[in-house]
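One structure below.
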Amino acid sequence: MPRAASILLLLTALGVRINAQPLVVYFGDSITEGWMDAVRRPADAYPAVCDTLVRERHGSARNISLGFAGETTDDALARLESDVLALRPQVAVVAFGSNDYYIHGNATTPRVSLQRYAANLHLIVRRLRGGGVQPVLLGLPPLIASRYAAYSEPRLYAPFGGAAAHNRSYDSTLRTVAADTHTPIVPLPWDSLDDAALLGIDGVHPTPAGHRDIAVRLLPAVLAALDAGAPAIDASQRIDVYPQPFDPRLHGRLVARCYTDKPGPVDWELLDARGGRVSVVTSTAAAPGELFAMWNTDHLRAGWYVVHLRGTTQYKECIIVQ
């Protein structure tokens, strides 16, 4: 059973009126989940603290924390429909990045490249807003390199200017995405503060004091998003494919977008120039609005292709170059 369905069943069992109160979802990784000095403490994590502050000023709001340790923006995209949009929240705080830039084991590159990180954030924001949810982006906390070195290999980050500089490059990309998509962002300018007290023994996970600071900074953005209500959904949008032309050397995925007026599966066909079916991708909408399908095109030859929304007359041409 998807996590969102389990949460809905629990809320129903507890007698919570699902549609009576606006919902704020905190969507992120281990920081959102509340890991502090190798101990999980959700009651001291910023979602719980921020929820208390929100309730003091907006008594009807409720919250759900959907943070899971170790997750990247790739994982976020994989569970966006089932875990977030299925809950029909009004606001979603998106907090990913610390695992995206992580370099682990024998790897020499981050788990998610900077370019792919930006593309993933664009998709997450567009799908949330296209599904009637107000997104709020949370900036990355800085890291203390000397502490971080005890849990990671410093030489792996040397090509990127060191771990702290690598962290800043992802945070900078996050800010650029926020500006490009006109999405509220809450930065964490702890470099100018006593970050030694705000970050724990590993130099990356906040302490309880750090989580309280995040909550206080986040509060105005969450309240503003609650007051703004659901963003308008443009039901006039037809199928679109981007980026075009598509070059696998420059872009992570070929993305198709359409509008769906009801939850459920949508099948997309990728056809070659002769009309032959190359592949079929199924994406399942948990809520009406914009819906995306993605292809890894590494195995495809350069040429002219067509994306077809099965069961409709909607087609869109696209070009793949090598």
Q) Would Gln314 and His308 count as a side-chain contact (heavy atoms from CB on, under 4.5 Å) if you check the C-alpha gap in whole Å, the side-chain angles of each, and the deciding distance to 0.1 Å? A) CA-CA 6 Å; Gln314 292 194 50; His308 172 225; 5.7 Å; no

(Q) My understanding is that only residues two or more places apart in sequence, or in another chain, count here; which of them pass side-chain contact (heavy atoms from CB on, under 4.5 Å) with Arg175? (A) Asp171, Ile185, Pro187

**Q.** Residues Arg79, Asp75: salt bridge by 4.0 Å N-O rule
**A.** no

Q: Would you sort out whether Cys50 and Val54 count as a side-chain contact (heavy atoms from CB on, under 4.5 Å), showing the intermediate values?
A: CA-CA 6 Å; Cys50 192; Val54 169; 4.1 Å; yes

Q. What closest approach, in Å, do Leu174 and Gly139 show between heavy atoms, and which atom pair accounts for it?
A. CD2-CA, 3.5 Å

Q) Is there a donor in the side chain of Thr181 and an acceptor in the side chain of Arg129, or the other way round, less than 3.5 Å apart? A) no

(Q) Are Val133 and Leu85 packed together at the side-chain level, in the sense that at least one heavy-atom pair is separated by less than 4.5 angstrom? (A) yes

Q: Please step through side-chain contact (heavy atoms from CB on, under 4.5 Å) for the pair Lys316 and Val241, ending with a clear verdict.
A: CA-CA 7 Å; Lys316 189 71 175 183; Val241 180; 3.7 Å; yes

**Q.** Tyr170 with Tyr148, same ILVMFWY side-chain cluster at under 4.5 Å
**A.** yes

**Q.** Gln21 side chain vs Arg62 backbone, donor-acceptor pair below 3.5 Å
**A.** no

Q. Heavy atoms, side chains only, cut-off 4.5 Å: are Leu140 and Arg168 in contact?
A. no

Q. Out of curiosity, Leu291 CG to Arg127 CZ, how far, rounded to the nearest 0.5 Å?
A. 5.5 Å

Q.
Looking at every non-hydrogen atom in both residues, tell me the closest pair between Thr297 and Pro248 and how far apart they are.
A. OG1-CG, 3.5 Å

(Q) Under 4.5 Å between side-chain heavy atoms, counting indirect links through other Ile/Leu/Val/Met/Phe/Trp/Tyr residues: same cluster for Ile239 and Val306 or not? (A) no

Q: Compute whether any side-chain donor of one residue and acceptor of the other, for Thr282 and Trp268, lie under 3.5 angstrom apart.
A: no

Q.
With heavy-atom distances below 4.5 Å as the criterion, would you say the side chains of Val216 and Arg212 are in contact?
A. no

Q: Using atom types as modelled and distance alone, determine if a side-chain donor or acceptor of Thr52 lies under 3.5 Å from a backbone N or O of Ala48.
A: yes

(Q) Main chain of Asp74, side chain of Arg116: is a donor-acceptor contact present, judged purely on distance under 3.5 Å? (A) no

Q. Hey, what do you get for OG (Ser279) to CG (Leu300), rounding to the nearest 0.5 Å?
A. 7.0 Å

Q) With the 4.5 Å side-chain cut-off for hydrophobic clustering, are Ile103 and Phe96 part of the same group? A) yes

Q) Checking Arg277 side chain against Leu270 main chain: does a donor-acceptor pair fall under 3.5 Å? A) no

Q: Identify the heavy atoms of Ala215 and Val49 that sit nearest to each other, and give their distance.
A: CB-CG1, 3.6 Å

Q. Apart from Ile201 itself, which Ile, Leu, Val, Met, Phe, Trp or Tyr residues share its cluster (side-chain heavy atoms under 4.5 Å, direct or through members)?
A. Tyr151

(Q) I need the minimum non-hydrogen distance between Gly132 and Ala230, along with the two atoms involved. (A) O-CB, 3.4 Å

Q. Out of curiosity, Leu77 CG to Ile124 CD1, how far, rounded to the nearest 0.5 Å?
A. 4.5 Å

Q: Answer yes or no: is there a side-chain heavy-atom contact under 4.5 Å between Tyr242 and Arg257?
A: yes

Q. Any side-chain heavy-atom pair from Val125 and Leu137 closer than 4.5 angstrom?
A. yes

(Q) Donor-acceptor check, side chain of His211 to backbone of Tyr46, threshold 3.5 angstrom: yes or no? (A) yes

Q: Look at the side chain of Thr207 and the backbone N and O of Ala197, then say whether any donor-acceptor pair between them is shorter than 3.5 Å.
A: yes

Q) Hey, are the side chains of Arg41 and Pro208 touching, using non-hydrogen atoms and a 4.5 Å cut-off? A) yes

Q | Reported CG-to-NE2 distance for the pair Asp51 and His58, which is rounded to 0.5 angstrom | A | 12.0 Å

Q) What's the spacing between Ile64 CD1 and Leu87 CG if we round to 0.5 Å? A) 5.0 Å

Q: Could you check Val94 against Leu128 for side-chain contact (heavy atoms from CB on, under 4.5 Å), going step by step and ending with a plain yes or no?
A: CA-CA 10 Å; Val94 179; Leu128 287 170; 3.7 Å; yes

Q) Would a distance-only check, ignoring hydrogens and angles, find a side-chain to backbone donor-acceptor pair under 3.5 Å from Glu269 to Arg310? A) no

**Q.** Side-chain (Gln90) to main-chain (Leu226) donor-acceptor, under 3.5 angstrom
**A.** yes

Q.
For Phe246 and Tyr305, I'd like to know if the aromatic rings sit close, meaning centre-to-centre distance below 6.0 Å.
A. no

**Q.** Aromatic plane relationship, Phe160 with His166 - under 30° parallel, 30 to 60° tilted, over 60° perpendicular
**A.** tilted

Q | Side-chain heavy atoms of Met294 within contact of Leu123, under 4.5 Å | A | yes

**Q.** Connected via hydrophobic side-chain network under 4.5 Å: Val266 and Tyr315
**A.** no

(Q) Would you say Ile214 ends up clustered with Trp35 if hydrophobic residues are merged whenever their side chains have heavy atoms under 4.5 Å apart, either directly or through other cluster members? (A) no

Q | Side-chain donor-acceptor contact under 3.5 Å, Asn99 with Thr72 | A | no

Q: Report the residues that fulfil side chain to side chain donor-acceptor pair (under 3.5 Å) with Asn167, sequence neighbours left out, ordered by chain and then residue number.
A: Tyr101

Q) Any donor and acceptor pair, going by atom type alone, linking the side chain of Gln244 with main-chain N or O of Ile319 inside 3.5 Å? A) yes

Q: Output the distance between atom CG (Leu114) and atom CG (Asp100), rounded to the nearest 0.5 Å.
A: 9.5 Å

Q.
Give me the atom names and distance for the closest heavy-atom approach of Gln134 to Ala228.
A. NE2-CB, 3.8 Å

Q: Would you check if Val307 and Leu271 make a side-chain contact, meaning some heavy-atom pair closer than 4.5 Å?
A: no

Q. Which atom names give the shortest non-hydrogen contact between Pro288 and Arg88, and what distance separates them?
A. CD-NH2, 3.9 Å

(Q) Whether the Ser30 and His205 side chains hold a donor-acceptor pair (N or O, under 3.5 Å, no angle test) is what I'd like checked. (A) yes

Q.
Side chains of Tyr117 and Thr173: any donor to acceptor distance under 3.5 Å?
A. no

